[in-house]
Amino acid sequence: MIDLRTLREDPDRLRASQRARGEDDSVVETLLDLDERRRGALSRFETLRAEQKSVGKSVSRASGDEKAALLGRAKDLAAQVRSAEAEAEKLGAELEDLLYTVPNVVEEGTPPGGEDDYVVIEEVGEKPAFDFAPKDHLELGELLGAIDIERGAKVSGSRFFFLKGAGARLQLGLLNMAMQQAIEAGFVPMIPPVLVKPESMKGTGFLGAHASEVYHLAEDDLFLVGTSEVPMAAYHADEILDASALPYRYAGWSSCFRREAGSYGKDTRGIIRVHQFDKVEMFSYCRPEDAREEHRRLLDWERQMLAKAELPYRIIDTAAGDLGTSAARKFDCEAWVPTQGRYREVTSTSNCTDFQARRLAVRFRDPGGGTRPVATLNGTLATTRWIVAILENHQRADGSVVVPVALRPYVGLDVLEPVK
RNA sequence: GGUGGAGUCGCCUAGUGGCCGAGGGCGCACGCCUCGAAAGCGUGUGAUGGGGCAACCUAUCCGUGGGUUCAAAUCCCACCUCCACCGCCA
(Lines give C-alpha, C1' and ligand atoms only; values in the text may rest on other atoms or scores of the structure.)
Protein backbone atom coordinates (compact mmCIF):
# COMPACT_ATOMS: atom_id res chain seq x y z
CA MET A 1 0.00 0.00 0.00
CA ILE A 2 1.25 3.43 -0.86
CA ASP A 3 2.09 6.00 1.80
CA LEU A 4 -0.59 8.64 2.34
CA ARG A 5 1.79 11.19 3.79
CA THR A 6 4.05 10.97 0.76
CA LEU A 7 0.98 11.24 -1.42
CA ARG A 8 -0.09 14.47 0.29
CA GLU A 9 3.34 15.98 -0.21
CA ASP A 10 3.86 14.88 -3.79
CA PRO A 11 0.66 13.77 -5.54
CA ASP A 12 2.24 14.19 -8.98
CA ARG A 13 4.54 11.26 -8.39
CA LEU A 14 1.62 8.86 -8.08
CA ARG A 15 -0.15 10.51 -11.03
CA ALA A 16 2.90 9.90 -13.23
CA SER A 17 3.22 6.33 -11.98
CA GLN A 18 -0.42 5.58 -12.71
CA ARG A 19 -0.04 6.93 -16.24
CA ALA A 20 3.12 4.88 -16.81
CA ARG A 21 1.18 1.76 -15.81
CA GLY A 22 -1.67 2.77 -18.08
CA GLU A 23 -3.99 3.20 -15.12
CA ASP A 24 -6.40 5.90 -14.02
CA ASP A 25 -4.65 8.86 -12.40
CA SER A 26 -7.85 10.49 -11.17
CA VAL A 27 -7.72 8.13 -8.20
CA VAL A 28 -5.26 10.63 -6.74
CA GLU A 29 -7.95 13.34 -6.39
CA THR A 30 -10.38 10.89 -4.85
CA LEU A 31 -7.76 9.70 -2.36
CA LEU A 32 -6.78 13.22 -1.30
CA ASP A 33 -10.39 14.30 -0.89
CA LEU A 34 -11.33 11.22 1.11
CA ASP A 35 -8.26 11.63 3.29
CA GLU A 36 -9.10 15.22 4.10
CA ARG A 37 -12.67 14.37 5.04
CA ARG A 38 -11.48 11.47 7.16
CA ARG A 39 -9.07 13.65 9.11
CA GLY A 40 -11.81 16.21 9.75
CA ALA A 41 -14.16 13.52 11.03
CA LEU A 42 -11.41 12.08 13.18
CA SER A 43 -10.71 15.36 14.89
CA ARG A 44 -14.44 15.96 15.55
CA PHE A 45 -14.64 12.53 17.14
CA GLU A 46 -11.53 13.12 19.25
CA THR A 47 -12.83 16.40 20.64
CA LEU A 48 -16.18 14.87 21.58
CA ARG A 49 -14.55 11.80 23.07
CA ALA A 50 -12.24 13.91 25.24
CA GLU A 51 -15.24 15.82 26.55
CA GLN A 52 -17.16 12.61 27.20
CA LYS A 53 -14.30 11.24 29.24
CA SER A 54 -14.07 14.31 31.45
CA VAL A 55 -17.84 14.53 31.98
CA GLY A 56 -17.92 10.82 32.75
CA LYS A 57 -15.33 11.34 35.45
CA SER A 58 -17.33 14.10 37.11
CA VAL A 59 -20.45 11.89 37.19
CA SER A 60 -18.79 9.61 39.68
CA ARG A 61 -17.82 12.52 41.92
CA ALA A 62 -21.18 14.35 41.87
CA SER A 63 -24.35 13.55 43.79
CA GLY A 64 -28.03 14.50 43.92
CA ASP A 65 -29.47 16.93 41.38
CA GLU A 66 -26.03 17.76 40.08
CA LYS A 67 -25.41 14.10 39.30
CA ALA A 68 -28.70 13.75 37.47
CA ALA A 69 -27.91 16.77 35.31
CA LEU A 70 -24.44 15.49 34.51
CA LEU A 71 -25.84 12.08 33.68
CA GLY A 72 -28.17 13.66 31.15
CA ARG A 73 -25.30 15.56 29.60
CA ALA A 74 -23.17 12.41 29.54
CA LYS A 75 -25.87 10.38 27.79
CA ASP A 76 -26.21 13.09 25.22
CA LEU A 77 -22.47 13.10 24.61
CA ALA A 78 -22.33 9.33 24.39
CA ALA A 79 -24.75 9.44 21.48
CA GLN A 80 -22.77 12.16 19.74
CA VAL A 81 -19.51 10.31 20.23
CA ARG A 82 -21.05 7.19 18.80
CA SER A 83 -22.12 8.88 15.62
CA ALA A 84 -18.88 10.87 15.22
CA GLU A 85 -16.87 7.68 15.63
CA ALA A 86 -19.04 5.84 13.12
CA GLU A 87 -18.52 8.63 10.61
CA ALA A 88 -14.75 8.63 11.06
CA GLU A 89 -14.64 4.86 10.78
CA LYS A 90 -16.78 4.84 7.68
CA LEU A 91 -14.52 7.32 5.92
CA GLY A 92 -11.44 5.46 7.14
CA ALA A 93 -12.71 2.17 5.74
CA GLU A 94 -13.64 3.81 2.45
CA LEU A 95 -10.17 5.29 2.17
CA GLU A 96 -8.53 1.99 3.00
CA ASP A 97 -10.58 0.09 0.44
CA LEU A 98 -9.55 2.54 -2.23
CA LEU A 99 -5.94 2.52 -1.07
CA TYR A 100 -5.84 -1.26 -1.48
CA THR A 101 -6.71 -0.93 -5.16
CA VAL A 102 -3.76 1.38 -5.90
CA PRO A 103 -0.61 -0.39 -7.16
CA ASN A 104 2.89 0.52 -6.04
CA VAL A 105 4.57 3.65 -7.37
CA VAL A 106 6.97 2.57 -10.11
CA GLU A 107 10.69 3.09 -9.71
CA GLU A 108 12.32 5.87 -11.65
CA GLY A 109 13.80 4.52 -14.89
CA THR A 110 11.12 1.88 -15.42
CA PRO A 111 10.07 1.75 -19.07
CA PRO A 112 6.47 2.99 -19.46
CA GLY A 113 3.85 0.97 -21.33
CA GLY A 114 2.51 -2.58 -21.40
CA GLU A 115 3.64 -6.17 -21.78
CA ASP A 116 5.50 -5.61 -25.07
CA ASP A 117 7.28 -2.44 -23.99
CA TYR A 118 10.03 -4.16 -22.02
CA VAL A 119 13.64 -3.13 -22.57
CA VAL A 120 16.29 -5.80 -23.18
CA ILE A 121 19.18 -5.11 -20.84
CA GLU A 122 21.56 -7.84 -21.86
CA GLU A 123 21.84 -11.10 -23.79
CA VAL A 124 24.09 -13.73 -22.27
CA GLY A 125 25.50 -16.98 -23.65
CA GLU A 126 25.40 -18.70 -27.02
CA LYS A 127 22.25 -20.18 -28.47
CA PRO A 128 22.90 -23.83 -29.37
CA ALA A 129 23.39 -24.65 -33.08
CA PHE A 130 21.98 -28.12 -33.75
CA ASP A 131 22.95 -30.18 -36.79
CA PHE A 132 19.73 -32.15 -36.33
CA ALA A 133 16.09 -31.23 -35.78
CA PRO A 134 15.80 -30.44 -32.07
CA LYS A 135 12.96 -32.04 -30.12
CA ASP A 136 10.81 -30.00 -27.81
CA HIS A 137 10.93 -30.52 -24.05
CA LEU A 138 7.84 -32.70 -23.92
CA GLU A 139 9.05 -35.08 -26.59
CA LEU A 140 12.39 -35.28 -24.82
CA GLY A 141 10.71 -35.66 -21.44
CA GLU A 142 8.66 -38.59 -22.68
CA LEU A 143 11.66 -40.17 -24.38
CA LEU A 144 13.63 -39.91 -21.14
CA GLY A 145 10.73 -41.15 -19.03
CA ALA A 146 11.03 -37.83 -17.20
CA ILE A 147 7.68 -36.16 -17.80
CA ASP A 148 4.27 -37.86 -17.87
CA ILE A 149 1.59 -35.43 -18.98
CA GLU A 150 -1.05 -37.99 -19.92
CA ARG A 151 -1.22 -39.50 -16.49
CA GLY A 152 -1.07 -36.02 -14.97
CA ALA A 153 -4.24 -35.22 -16.90
CA LYS A 154 -5.82 -38.55 -15.95
CA VAL A 155 -5.20 -38.05 -12.25
CA SER A 156 -5.61 -34.27 -11.85
CA GLY A 157 -6.72 -32.74 -15.15
CA SER A 158 -5.13 -30.47 -17.71
CA ARG A 159 -1.96 -28.57 -16.83
CA PHE A 160 -0.91 -31.25 -14.31
CA PHE A 161 1.92 -33.71 -14.80
CA PHE A 162 4.16 -36.24 -13.13
CA LEU A 163 7.92 -35.80 -12.98
CA LYS A 164 9.48 -39.21 -12.66
CA GLY A 165 12.84 -40.91 -12.94
CA ALA A 166 15.36 -38.55 -14.53
CA GLY A 167 12.78 -35.75 -14.46
CA ALA A 168 12.27 -36.00 -10.72
CA ARG A 169 16.02 -36.26 -10.20
CA LEU A 170 16.64 -33.25 -12.41
CA GLN A 171 14.18 -31.10 -10.48
CA LEU A 172 15.43 -32.21 -7.08
CA GLY A 173 19.03 -31.61 -8.18
CA LEU A 174 18.27 -28.21 -9.62
CA LEU A 175 16.36 -27.00 -6.59
CA ASN A 176 18.96 -28.41 -4.23
CA MET A 177 21.68 -26.60 -6.14
CA ALA A 178 19.65 -23.39 -5.85
CA MET A 179 19.18 -23.93 -2.13
CA GLN A 180 22.89 -24.62 -1.68
CA GLN A 181 23.87 -21.47 -3.55
CA ALA A 182 21.48 -19.42 -1.43
CA ILE A 183 22.78 -20.90 1.80
CA GLU A 184 26.36 -20.15 0.78
CA ALA A 185 25.33 -16.56 0.05
CA GLY A 186 23.97 -16.26 3.58
CA PHE A 187 20.27 -16.88 3.01
CA VAL A 188 18.34 -18.71 5.70
CA PRO A 189 16.71 -21.74 4.06
CA MET A 190 13.00 -22.00 4.65
CA ILE A 191 10.24 -24.45 3.85
CA PRO A 192 7.06 -22.45 4.39
CA PRO A 193 3.39 -23.37 4.59
CA VAL A 194 1.73 -23.19 1.20
CA LEU A 195 -1.76 -22.54 2.56
CA VAL A 196 -2.16 -19.04 3.95
CA LYS A 197 -4.82 -16.85 5.52
CA PRO A 198 -6.59 -14.10 3.56
CA GLU A 199 -4.61 -11.34 5.27
CA SER A 200 -1.30 -12.87 4.17
CA MET A 201 -2.55 -13.10 0.60
CA LYS A 202 -3.98 -9.60 0.69
CA GLY A 203 -0.88 -8.18 2.36
CA THR A 204 1.38 -9.36 -0.42
CA GLY A 205 -0.90 -7.86 -3.05
CA PHE A 206 -2.26 -10.99 -4.69
CA LEU A 207 -5.94 -10.48 -3.95
CA GLY A 208 -6.38 -7.35 -6.02
CA ALA A 209 -6.45 -7.36 -9.79
CA HIS A 210 -5.13 -10.93 -9.98
CA ALA A 211 -7.39 -12.60 -7.44
CA SER A 212 -8.74 -15.01 -10.07
CA GLU A 213 -5.26 -16.53 -10.39
CA VAL A 214 -5.37 -17.82 -6.83
CA TYR A 215 -6.78 -21.09 -5.53
CA HIS A 216 -9.11 -20.60 -2.58
CA LEU A 217 -10.28 -23.27 -0.19
CA ALA A 218 -13.70 -21.94 0.75
CA GLU A 219 -14.33 -24.47 3.50
CA ASP A 220 -11.37 -23.17 5.50
CA ASP A 221 -10.95 -19.71 3.97
CA LEU A 222 -7.34 -20.46 3.10
CA PHE A 223 -5.44 -19.72 -0.09
CA LEU A 224 -2.88 -21.87 -1.91
CA VAL A 225 0.17 -19.72 -2.56
CA GLY A 226 1.35 -19.05 -6.09
CA THR A 227 4.85 -18.41 -4.74
CA SER A 228 6.63 -18.76 -1.41
CA GLU A 229 7.02 -14.98 -1.52
CA VAL A 230 3.63 -14.88 0.21
CA PRO A 231 4.45 -16.81 3.39
CA MET A 232 7.95 -15.33 3.49
CA ALA A 233 6.63 -11.76 3.33
CA ALA A 234 3.96 -12.49 5.93
CA TYR A 235 6.52 -14.27 8.13
CA HIS A 236 7.51 -11.02 9.84
CA ALA A 237 4.08 -9.37 9.70
CA ASP A 238 3.31 -7.12 12.68
CA GLU A 239 6.94 -7.19 13.77
CA ILE A 240 9.62 -4.60 14.33
CA LEU A 241 12.87 -5.94 12.92
CA ASP A 242 16.32 -5.41 14.35
CA ALA A 243 17.68 -2.57 12.20
CA SER A 244 21.30 -3.58 12.78
CA ALA A 245 20.61 -7.10 11.47
CA LEU A 246 19.12 -6.01 8.13
CA PRO A 247 18.99 -7.28 5.46
CA TYR A 248 17.13 -10.44 6.46
CA ARG A 249 17.48 -12.94 3.62
CA TYR A 250 15.46 -16.12 3.24
CA ALA A 251 15.42 -18.80 0.57
CA GLY A 252 12.06 -20.54 0.38
CA TRP A 253 11.40 -23.89 -1.26
CA SER A 254 7.79 -24.60 -1.99
CA SER A 255 5.26 -25.92 -4.38
CA CYS A 256 3.37 -23.11 -6.10
CA PHE A 257 -0.21 -23.19 -7.31
CA ARG A 258 -1.78 -21.11 -10.06
CA ARG A 259 -5.23 -21.31 -11.57
CA GLU A 260 -4.09 -19.95 -14.96
CA ALA A 261 -7.64 -18.73 -15.36
CA GLY A 262 -6.88 -16.17 -18.05
CA SER A 263 -4.58 -18.31 -20.13
CA TYR A 264 -6.84 -20.80 -21.92
CA GLY A 265 -5.10 -21.99 -25.04
CA LYS A 266 -1.74 -20.48 -24.06
CA ASP A 267 1.23 -22.81 -23.67
CA THR A 268 -0.98 -25.86 -23.55
CA ARG A 269 1.82 -28.22 -24.54
CA GLY A 270 4.27 -29.49 -21.95
CA ILE A 271 5.11 -28.04 -18.58
CA ILE A 272 5.70 -24.39 -19.39
CA ARG A 273 2.45 -23.22 -17.89
CA VAL A 274 1.03 -25.51 -15.23
CA HIS A 275 -1.18 -25.41 -12.15
CA GLN A 276 1.46 -26.72 -9.79
CA PHE A 277 5.23 -26.45 -9.83
CA ASP A 278 8.16 -26.13 -7.46
CA LYS A 279 10.34 -23.14 -6.89
CA VAL A 280 13.24 -21.84 -4.83
CA GLU A 281 12.68 -18.17 -4.15
CA MET A 282 14.95 -15.58 -2.56
CA PHE A 283 13.30 -13.06 -0.27
CA SER A 284 14.92 -9.98 1.32
CA TYR A 285 13.87 -7.50 3.92
CA CYS A 286 16.07 -4.39 3.86
CA ARG A 287 16.10 -0.65 4.45
CA PRO A 288 14.15 1.19 1.76
CA GLU A 289 17.24 3.21 0.84
CA ASP A 290 19.15 -0.04 0.16
CA ALA A 291 16.40 -1.68 -1.91
CA ARG A 292 17.68 -0.70 -5.34
CA GLU A 293 21.08 -2.16 -4.62
CA GLU A 294 19.59 -5.30 -3.09
CA HIS A 295 17.49 -5.72 -6.21
CA ARG A 296 20.63 -5.77 -8.37
CA ARG A 297 22.19 -8.31 -6.01
CA LEU A 298 19.19 -10.63 -6.36
CA LEU A 299 19.54 -10.33 -10.12
CA ASP A 300 23.22 -11.30 -9.84
CA TRP A 301 22.37 -14.41 -7.87
CA GLU A 302 19.89 -15.38 -10.56
CA ARG A 303 22.59 -14.92 -13.19
CA GLN A 304 24.90 -17.22 -11.24
CA MET A 305 22.26 -19.94 -11.31
CA LEU A 306 21.66 -19.53 -15.03
CA ALA A 307 25.39 -19.77 -15.63
CA LYS A 308 25.56 -23.02 -13.68
CA ALA A 309 22.70 -24.38 -15.74
CA GLU A 310 24.64 -23.33 -18.85
CA LEU A 311 21.61 -21.64 -20.37
CA PRO A 312 21.61 -18.84 -22.94
CA TYR A 313 19.33 -16.08 -21.70
CA ARG A 314 18.47 -12.42 -21.79
CA ILE A 315 17.50 -9.98 -19.08
CA ILE A 316 14.55 -7.67 -19.59
CA ASP A 317 13.43 -4.61 -17.68
CA THR A 318 9.68 -5.11 -17.43
CA ALA A 319 7.48 -2.18 -18.46
CA ALA A 320 5.37 -0.40 -15.86
CA GLY A 321 2.07 -1.83 -17.07
CA ASP A 322 3.35 -5.39 -16.74
CA LEU A 323 4.50 -5.05 -13.13
CA GLY A 324 2.57 -6.81 -10.40
CA THR A 325 0.52 -4.78 -7.96
CA SER A 326 3.32 -4.71 -5.37
CA ALA A 327 6.33 -4.23 -7.61
CA ALA A 328 8.04 -0.92 -8.28
CA ARG A 329 10.54 -2.50 -10.69
CA LYS A 330 10.95 -5.97 -12.10
CA PHE A 331 13.73 -7.73 -14.02
CA ASP A 332 13.04 -11.05 -15.71
CA CYS A 333 15.62 -13.50 -16.95
CA GLU A 334 14.38 -15.35 -19.99
CA ALA A 335 16.05 -18.54 -21.17
CA TRP A 336 16.30 -19.48 -24.80
CA VAL A 337 13.87 -22.20 -25.86
CA PRO A 338 15.21 -23.56 -29.19
CA THR A 339 12.04 -25.21 -30.49
CA GLN A 340 10.02 -22.05 -29.86
CA GLY A 341 12.72 -19.80 -31.29
CA ARG A 342 12.23 -17.37 -28.45
CA TYR A 343 13.11 -16.51 -24.89
CA ARG A 344 10.84 -17.64 -22.04
CA GLU A 345 10.76 -16.33 -18.49
CA VAL A 346 12.61 -18.50 -15.99
CA THR A 347 13.28 -15.99 -13.21
CA SER A 348 11.73 -12.78 -12.04
CA THR A 349 12.95 -10.39 -9.40
CA SER A 350 10.82 -7.59 -8.00
CA ASN A 351 11.58 -4.63 -5.79
CA CYS A 352 8.37 -4.08 -3.83
CA THR A 353 9.85 -1.17 -1.86
CA ASP A 354 7.78 -0.58 1.30
CA PHE A 355 4.48 -1.48 -0.39
CA GLN A 356 4.04 -4.98 1.06
CA ALA A 357 5.70 -4.05 4.35
CA ARG A 358 3.21 -1.27 4.94
CA ARG A 359 0.28 -3.63 4.39
CA LEU A 360 1.83 -6.33 6.55
CA ALA A 361 3.21 -3.92 9.20
CA VAL A 362 6.82 -5.07 8.91
CA ARG A 363 8.96 -2.25 10.32
CA PHE A 364 12.39 -1.52 11.70
CA ARG A 365 13.40 0.95 14.36
CA ASP A 366 15.03 3.96 12.84
CA PRO A 367 17.95 5.18 14.97
CA GLY A 368 16.53 8.68 14.39
CA GLY A 369 13.50 7.57 16.43
CA GLY A 370 10.24 5.92 15.50
CA THR A 371 9.61 3.03 13.15
CA ARG A 372 9.58 2.79 9.36
CA PRO A 373 8.34 0.11 7.00
CA VAL A 374 11.15 -2.03 5.53
CA ALA A 375 11.49 -2.77 1.83
CA THR A 376 10.78 -6.29 0.58
CA LEU A 377 12.24 -7.91 -2.51
CA ASN A 378 11.96 -11.30 -4.13
CA GLY A 379 13.71 -13.20 -6.87
CA THR A 380 13.56 -16.66 -8.42
CA LEU A 381 16.52 -19.02 -8.13
CA ALA A 382 15.04 -22.00 -9.93
CA THR A 383 11.71 -23.50 -10.90
CA THR A 384 10.24 -26.52 -12.60
CA ARG A 385 10.12 -24.50 -15.80
CA TRP A 386 13.92 -24.54 -15.95
CA ILE A 387 13.64 -28.20 -16.92
CA VAL A 388 12.18 -27.06 -20.24
CA ALA A 389 15.24 -24.96 -21.04
CA ILE A 390 17.74 -27.49 -19.74
CA LEU A 391 16.29 -30.39 -21.74
CA GLU A 392 16.01 -28.43 -24.96
CA ASN A 393 19.35 -26.63 -24.87
CA HIS A 394 21.43 -29.62 -23.81
CA GLN A 395 19.84 -32.30 -26.01
CA ARG A 396 21.77 -34.49 -28.44
CA ALA A 397 20.70 -36.09 -31.71
CA ASP A 398 19.87 -39.42 -30.06
CA GLY A 399 17.47 -37.78 -27.61
CA SER A 400 19.85 -37.93 -24.67
CA VAL A 401 20.47 -34.81 -22.62
CA VAL A 402 23.81 -33.69 -21.19
CA VAL A 403 23.51 -32.55 -17.58
CA PRO A 404 25.28 -29.20 -16.98
CA VAL A 405 28.54 -29.78 -15.14
CA ALA A 406 27.64 -27.85 -11.99
CA LEU A 407 24.39 -29.75 -11.71
CA ARG A 408 25.87 -33.25 -11.99
CA PRO A 409 26.70 -33.78 -8.32
CA TYR A 410 23.15 -32.80 -7.43
CA VAL A 411 21.46 -34.95 -10.07
CA GLY A 412 23.84 -37.87 -9.77
CA LEU A 413 23.94 -38.33 -13.57
CA ASP A 414 26.16 -36.89 -16.32
CA VAL A 415 23.74 -37.68 -19.10
CA LEU A 416 20.02 -38.41 -19.14
CA GLU A 417 19.46 -41.34 -21.45
CA PRO A 418 16.27 -42.30 -23.30
CA VAL A 419 14.40 -45.19 -21.67
CA LYS A 420 12.90 -48.09 -23.62
C1' G B 1 -14.42 -33.10 16.48
C1' G B 2 -15.04 -33.07 22.25
C1' U B 3 -13.62 -31.37 27.32
C1' G B 4 -10.78 -28.20 30.47
C1' G B 5 -7.21 -24.09 31.17
C1' A B 6 -4.90 -19.72 29.37
C1' G B 7 -4.12 -15.05 26.20
C1' U B 8 -2.39 -7.53 29.93
C1' C B 9 3.75 -2.91 27.61
C1' G B 10 10.28 -6.71 24.60
C1' C B 11 9.75 -10.83 28.80
C1' C B 12 7.27 -12.17 33.69
C1' U B 13 3.25 -10.50 36.34
C1' A B 14 -0.80 -7.19 39.41
C1' G B 15 -5.47 -5.90 38.23
C1' U B 16 -13.91 -8.48 39.68
C1' G B 17 -17.27 -1.32 36.56
C1' G B 18 -15.10 5.26 37.73
C1' C B 19 -8.76 6.05 42.42
C1' C B 20 -6.21 2.00 35.33
C1' G B 21 -4.77 8.38 32.05
C1' A B 22 -2.70 0.10 33.35
C1' G B 23 0.91 -0.85 38.97
C1' G B 24 5.34 -3.95 40.07
C1' G B 25 9.64 -6.90 38.58
C1' C B 26 13.17 -8.28 34.68
C1' G B 27 15.52 -6.39 30.52
C1' C B 28 17.17 -1.98 28.08
C1' A B 29 18.88 3.38 27.89
C1' C B 30 20.77 7.56 30.40
C1' G B 31 22.67 9.74 34.90
C1' C B 32 24.95 9.55 40.00
C1' C B 33 28.68 6.86 42.60
C1' U B 34 33.84 4.76 40.83
C1' C B 35 40.69 5.15 38.65
C1' G B 36 37.48 1.77 35.72
C1' A B 37 33.65 -1.73 36.38
C1' A B 38 30.09 -4.55 39.25
C1' A B 39 26.68 -3.67 43.02
C1' G B 40 23.68 0.23 44.75
C1' C B 41 20.73 4.66 43.89
C1' G B 42 17.90 7.91 40.54
C1' U B 43 15.37 8.96 35.87
C1' G B 44 13.26 7.17 31.57
C1' U B 45 11.21 3.16 28.67
C1' G B 46 5.45 0.61 23.61
C1' A B 47 2.47 0.79 19.03
C1' U B 48 -0.96 3.31 15.55
C1' G B 49 -3.69 7.58 13.65
C1' G B 50 -4.45 13.05 13.96
C1' G B 51 -2.61 18.18 15.13
C1' G B 52 2.11 21.28 15.55
C1' C B 53 8.35 24.14 12.64
C1' A B 54 9.29 22.23 17.45
C1' A B 55 9.33 20.64 22.57
C1' C B 56 4.61 18.83 22.93
C1' C B 57 -0.73 17.92 22.68
C1' U B 58 -4.66 14.45 21.47
C1' A B 59 -7.40 9.88 20.34
C1' U B 60 -7.13 4.60 19.94
C1' C B 61 -4.87 -0.13 21.48
C1' C B 62 -5.18 -5.16 27.74
C1' G B 63 -6.04 -12.08 21.71
C1' U B 64 -10.14 -10.51 17.70
C1' G B 65 -15.11 -8.79 16.72
C1' G B 66 -19.79 -7.43 18.69
C1' G B 67 -22.95 -6.03 23.02
C1' U B 68 -24.51 -3.86 28.03
C1' U B 69 -23.36 1.09 30.53
C1' C B 70 -22.96 8.05 31.37
C1' A B 71 -18.34 4.99 32.07
C1' A B 72 -15.37 -1.73 30.40
C1' A B 73 -8.71 -4.82 30.98
C1' U B 74 -12.85 -5.78 34.45
C1' C B 75 -19.80 -7.77 32.90
C1' C B 76 -22.32 -10.59 28.48
C1' C B 77 -22.04 -13.12 23.46
C1' A B 78 -19.32 -15.11 19.33
C1' C B 79 -14.77 -16.24 17.29
C1' C B 80 -9.29 -16.99 17.05
C1' U B 81 -4.69 -18.80 18.95
C1' C B 82 -1.81 -21.60 22.45
C1' C B 83 -1.45 -25.60 26.23
C1' A B 84 -3.39 -30.32 28.36
C1' C B 85 -6.36 -34.61 27.88
C1' C B 86 -9.94 -37.64 24.87
C1' G B 87 -11.69 -39.29 19.95
C1' C B 88 -10.46 -39.86 14.72
C1' C B 89 -6.42 -40.21 11.30
C1' A B 90 -1.62 -39.87 7.04
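First the proteins, then the strands, lettered A, B, ... as listed; each starts at 1.
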task: May I ask you to check whether A/Ser348 and A/Asp332 show a side-chain donor-acceptor distance below 3.5 Å?
output: yes
field: Shortest side-chain distance from A/Arg363, nucleotide among B/rA59, B/rA47, B/rG50
entry: B/rA47
- prompt: For B/rU34, which nucleotide is its Watson-Crick or G-U wobble mate, given both distances must be under 3.5 Å?
  reply: none
- prompt: For B/rG51, does OP1 or OP2 lie under 4.0 Å from any side-chain N or O of A/Arg39?
  reply: yes
- prompt: CG of A/Leu48 versus P of B/rC70: gap in Å, rounded?
  reply: 17 Å
Positions of residues 1-12 of chain A (non-hydrogen atom under 4.0 Å from RNA chain B), listed by number: A/Arg5, A/Arg8
message: Please give the distance between the C1' atoms of B/rC28 and B/rC83 as a whole number of Å.
response: 30 Å
- prompt: Between A/Thr204 and A/Glu229, is any side-chain donor less than 3.5 angstrom from a side-chain acceptor?
  reply: no
message: Could you identify the nucleotide paired to B/rC85, looking across every strand shown and requiring Watson-Crick or G-U wobble geometry with both distances under 3.5 Å?
response: B/rG2
query: Between B/rU48 and A/Thr371, is there an OP1 or OP2 to side-chain N/O distance shorter than 4.0 Å?
result: yes
field: Rounded distance (Å) that lies between atom P of B/rA47 and atom CG of A/Asp238
entry: 14 Å
First of A/Lys197 and A/Ala78 reached from the 5' end of RNA chain B, by closest nucleotide: A/Ala78
query: What pairs of residues pass the ring pair (Phe, Tyr, Trp, His ring centres under 6.0 Å) test when at least one of them lies in residues 149-170 of chain A, not counting sequence neighbours?
result: A/Phe160-A/His275
- request: Could you tell me which nucleotide pairs with B/rA14 by Watson-Crick or G-U wobble geometry, both distances under 3.5 Å, or answer none if nothing does?
  value: none
Distance, P atom - from B/rA71 to B/rU60, rounded to whole angstrom: 13 Å
query: Which base, if any, makes a Watson-Crick or G-U wobble pair with B/rG21, both distances under 3.5 Å?
result: none
- prompt: Can you check whether A/Phe257 reaches A/Val194 side chain to side chain, under 4.5 Å on heavy atoms?
  reply: yes
Nucleotide forming a Watson-Crick or wobble pair with B/rU64, both distances under 3.5 Å: B/rA78
query: Paired with B/rU69 by Watson-Crick or G-U wobble geometry, both distances under 3.5 Å: which nucleotide is it?
result: none
Check residues 139-153 of chain A and write down every donor-acceptor pair under 3.5 Å in which the side-chain atom is one partner and the other belongs to a residue at least two apart or another chain.
unit_1	atom_1	unit_2	atom_2	d
A/Asp148	OD1	A/Glu150	N	3.4
A/Asp148	OD1	A/Arg151	N	3.0
A/Asp148	OD2	A/Arg151	NH1	2.6

field: Base partner of B/rA54, which must satisfy Watson-Crick or wobble distances under 3.5 Å
entry: none
task: Please state whether the phosphate of B/rU60, meaning OP1 or OP2, lies under 4.0 angstrom from any side-chain nitrogen or oxygen of A/Arg49.
output: yes
G-U wobble or Watson-Crick pairing nucleotide for B/rG44 (cut-off 3.5 Å, both distances): B/rC28
- prompt: Would you call A/Arg372 and A/Glu289 a salt bridge, using N to O less than 4.0 angstrom?
  reply: yes
- prompt: Given B/rG46, is OP1 or OP2 found less than 4.0 Å from the side-chain N or O atoms of A/Arg365?
  reply: no
query: Pick the nucleotide of RNA chain B nearest each of A/Thr47 and A/Arg82; which residue has the one closer to the 5' end?
result: A/Thr47
query: Within the side chain of A/Asp33, is there an N or O that forms a donor-acceptor pair under 3.5 Å with the backbone of A/Glu29?
result: no
